[in-house]
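Whatever order the structure lists them in is the order used to number ligands and atoms, beginning at 1. Just so it is clear, the model here is predicted, and its values are computed rather than measured.
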Amino acid sequence: MWFPLETIVAWAKRKGFVYSWSDIYGGLANAWDYGPYGVQLKKNIQDLRWQTFVQERSDMIGMDAQILMHPKTWEASGHTENFDDPLIDDKNTGERFRADQIIEEKIEVDKLSLEDVKKYGAENLVPESRTFEQMHDFIVNEIPKNPSSKKLAEWTEVRKFEMMFYTYQGVVHDAENKIWLRPETAQGMFVNFRNVLDTTRMRVPFGIAQVGKAFRNEITPGNFLFRTREFEQMEIEYFVENDTEIGMQAFEEWKEESMRWRKDIIGFKAENLKFREHEKDELAFYSKGTFDVEYHYPRGWGELQGVAYRTDYDLTQHQNTSGQNMQYSDPQTGKRYIPHVIEPSFGLSRTVLAAMIDAYEEEKYTDQNGKEATRIVARFNKHIAPIKFAILPLIKKDEKQVEIAETLFKKLSKKYMCEYDDGGAIGKRYRRQDEIGTPFCITIDHQSCDDGTVTIRHRDSMEQERVKLEEVENFMG
Ligand code: ATP
């Protein structure tokens, strides 16, 4: 069952997962803040990524670099030269679009063939390899109407758009003090490659993981958390011997591990996930392969994560730009080389979006009066659910019930996010918890005062069972 993105956005805002950015000042389209349940969902996803790929692996290590990195970093990575997108404006409405994106959408929606596209001089279906003129010709001829207003457009030329945000360091605002906000976290790990080697016992193959904010001045942010100008990434740089066979094997392993994590650990539905291999002409010249893990968003398949085999390009670039030696010396063989790198780049913000889409359901059921009713239930995997246990004293004026409930809250909340709710009819309290995806509701009633048992109610089946107070915790497994 598919729900439109608008339904997900409305629910996420209503329930405090996500708020409009700077809401009291009118907000800004396509910018968002995380509310209490959203931040917890994000933290759980982030923690599970860290647990799976850093804590549980002896070949991985974590670090945290600054958002404002040395300006030379972006020279070495090629961002100051290449990090720009082709954009086109509709003069009639003043709206701006990414030329490559509207072309891609047109090709997909109208199922245009290679022959149709070749008319405009492009060699293939990949927008990145077209010139600005070719893109302009295509848009003027094939997309005469503005994609959002659906009215006839008056297109400008296609122009380059710088995607990196910048600021100035210190009091003087001149070119020398210009400093960029990182558009990806990856470079923090490359520039610290030597530090990690020198200060730890890590030996190739090994990887570094990081999580943090990245900033891109996207021309067309949109689709809720899918494309925003400020977002979070959870990237990994995994270094292997400079041998393509070994590299390809590690690349395959990271592809599989990325998918396994999404299906088995954070519990996304298998039918909403697939790989998309990048075509040869989509690849940068140094890359030996790239796969995207794609998710089935309400508007169709789109990237959730990239896994790229980047050879020794990044470390070589930093060696050349900084003059520092980036070679690894194998202690066993004595061989010296610049390692190859596999980069699994998990988008945290997009994973939060996908988690909400994956979980949201409107379910029909028969209530206790035999009437047909509908409930909204967020079927988050219990490990990413923002709240694990709701603790519900049946009668809030019953001192004994309250005492048991408060003691239980104190105990469980040492390990898990719990919510204490004593307001309103019990059925309503269950519905509230269903909507935010709490897997277990624990009700304390008069019997609890007599025999130390409570009712545990399961979110998905709505079944209830009576268990001993001490056993409640076991449900988190
Ligand atoms: P896209 O083609 O969708 O712009 P990309 O290929 O530029 O994405 P990468 O540079 O590979 O993305 O970044 C790695 C991950 O970071 C992506 O898979 C995505 O999850 C996330 N990401 C990139 N840009 C954004 C953004 N503007 N908003 C939210 N997440 C983003």
Side-chain angles (χ1 to χ4, degrees), residues 5 18 21 28-34 38 42 45-46 49 74 77-79 82-87 97-105 108 126-128 161-165 181-190 209-237 254-255 258-259 261-262 266 268 273-279 282-284 287 289-297 299-310 314 341-357:
L5 191 60
V18 172
W21 175 89
L28 175 73
N30 305 314
W32 309 94
D33 292 338
Y34 289 98
K42 177 158 73 75
I45 291 171
Q46 184 181 323
R49 204 278 307 212
W74 310 114
S77 69
H79 280 86
N82 302 322
F83 201 55
D84 39 42
D85 274 338
L87 80 95
F97 298 91
R98 253 178 71 178
D100 55 337
Q101 274 175 7
I102 60 173
I103 293 175
E104 247 177 290
E105 273 164 25
E108 198 177 316
V126 184
E128 283 85 348
F161 183 80
E162 240 196 277
M163 278 185 71
M164 276 206 289
F165 282 99
L181 276 69
R182 66 181 178 202
E184 59 175 32
T185 58
Q187 301 303 324
M189 295 178 271
F190 293 129
Q210 190 177 338
V211 51
K213 295 255 178 177
F215 303 82
R216 295 182 188 178
N217 197 7
E218 300 275 5
I219 305 157
T220 49
N223 288 313
F224 198 23
L225 302 175
F226 182 83
R227 191 177 302 288
T228 51
R229 295 193 172 115
E230 179 177 335
F231 57 97
E232 277 167 274
Q233 291 183 317
M234 310 182 285
E235 293 191 295
I236 289 172
E237 303 303 334
W254 276 105
K255 254 178 65 191
S258 303
M259 196 55 107
W261 182 76
R262 297 201 177 274
I266 57 170
F268 283 3
L273 292 165
K274 70 168 189 191
F275 285 121
R276 182 182 81 83
E277 183 172 11
H278 283 214
E279 304 284 338
E282 269 181 280
L283 296 177
S287 177
T290 298
F291 273 86
D292 288 343
V293 175
E294 290 199 330
Y295 186 79
H296 200 291
Y297 301 96
R299 63 183 276 272
W301 291 98
E303 180 175 335
L304 183 55
Q305 176 193 341
V307 186
Y309 180 5
R310 300 177 58 86
D314 306 275
V341 70
I342 317 295
E343 180 180 87
S345 178
F346 298 68
L348 176 54
S349 320
R350 276 190 202 172
T351 305
V352 172
L353 170 64
M356 293 195 288
I357 295 167

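- Considering both main-chain and side-chain atoms, Ser349 never comes within under 3.5 Å of ligand 1 through any nitrogen or oxygen pair.
- Neither the backbone nor the side chain of Asp292 has any atom closer than 4.0 Å to an atom of ligand 1 (non-hydrogen atoms only).
- Among protein heavy atoms, the minimum distance from atom 23 (C) of ligand 1 is reached at Arg216 NH1, 3.5 Å.
- At the top of the distance list for atom 20 (O) of ligand 1, counting protein heavy atoms only, stands Leu304 O, 2.9 Å.
- Here Glu105 pairs with Arg299 in a salt bridge; the nearest charged N to carboxylate O distance falls below 4.0 Å.
- With hydrogens left out, the protein atom closest to atom 13 (O) of ligand 1 is Gln233 NE2, 3.4 Å, a heavy atom.
- Polar contact with ligand 1: absent for Phe231 (N/O pair, distance under 3.5 Å).
- Using a distance-only test at 3.5 Å, with no hydrogens or angles considered, a donor-acceptor pair links the side chain of Arg350 to the main chain of Phe226.
- One distance of note links CZ of Arg216 with CD of Glu162; it measures 14.5 Å at 0.5 Å rounding.
- Two residues are said to be in side-chain contact when any heavy atoms from C-beta on lie closer than 4.5 Å; Phe190 and Glu237 meet this criterion.
- For the residue pair Ser258 / Gln305, a side-chain donor-acceptor distance below 3.5 Å is found, with atom types taken as modelled.
- By the 4.5 Å heavy-atom criterion applied to side chains, Phe275 and Val293 are counted as neighbours.
- Side-chain contact, Thr351 with Arg49: no donor N or O sits under 3.5 Å from an acceptor N or O.
- One distance of note links CD of Glu230 with CH2 of Trp32; it measures 14.5 Å at 0.5 Å rounding.
- Considering backbone and side-chain N/O atoms, Phe346 never comes within less than 3.5 Å of an N/O atom of ligand 1.
- Checked by distance only, ligand 1 and Thr228 come closer than 3.5 Å through their nitrogen or oxygen atoms.
- Considering only non-hydrogen protein atoms, atom 14 (C) of ligand 1 sits nearest to Ser345 OG, 3.0 Å.
- Under a 4.0 Å criterion applied to the non-hydrogen atoms of Gln305, ligand 1 contributes the atoms 18 (O).
- Residue Glu218 places at least one N or O, backbone or side chain, under 3.5 Å from an N or O of ligand 1.
- At the top of the distance list for atom 4 (O) of ligand 1, counting protein heavy atoms only, stands Arg227 NH1, 2.7 Å.
- The single protein non-hydrogen atom nearest to atom 29 (C) of ligand 1 is Phe226 O, 3.1 Å, given as residue, atom name and distance.
- The closest protein non-hydrogen atom to atom 3 (O) of ligand 1 is Arg350 NH2, 2.9 Å.
- At least one heavy atom of Glu303 lies less than 4.0 angstrom from ligand 1.
- Taking a cutoff of 4.0 Å between a charged side-chain nitrogen and a carboxylate oxygen, Arg229 and Glu218 do not qualify as a salt bridge.
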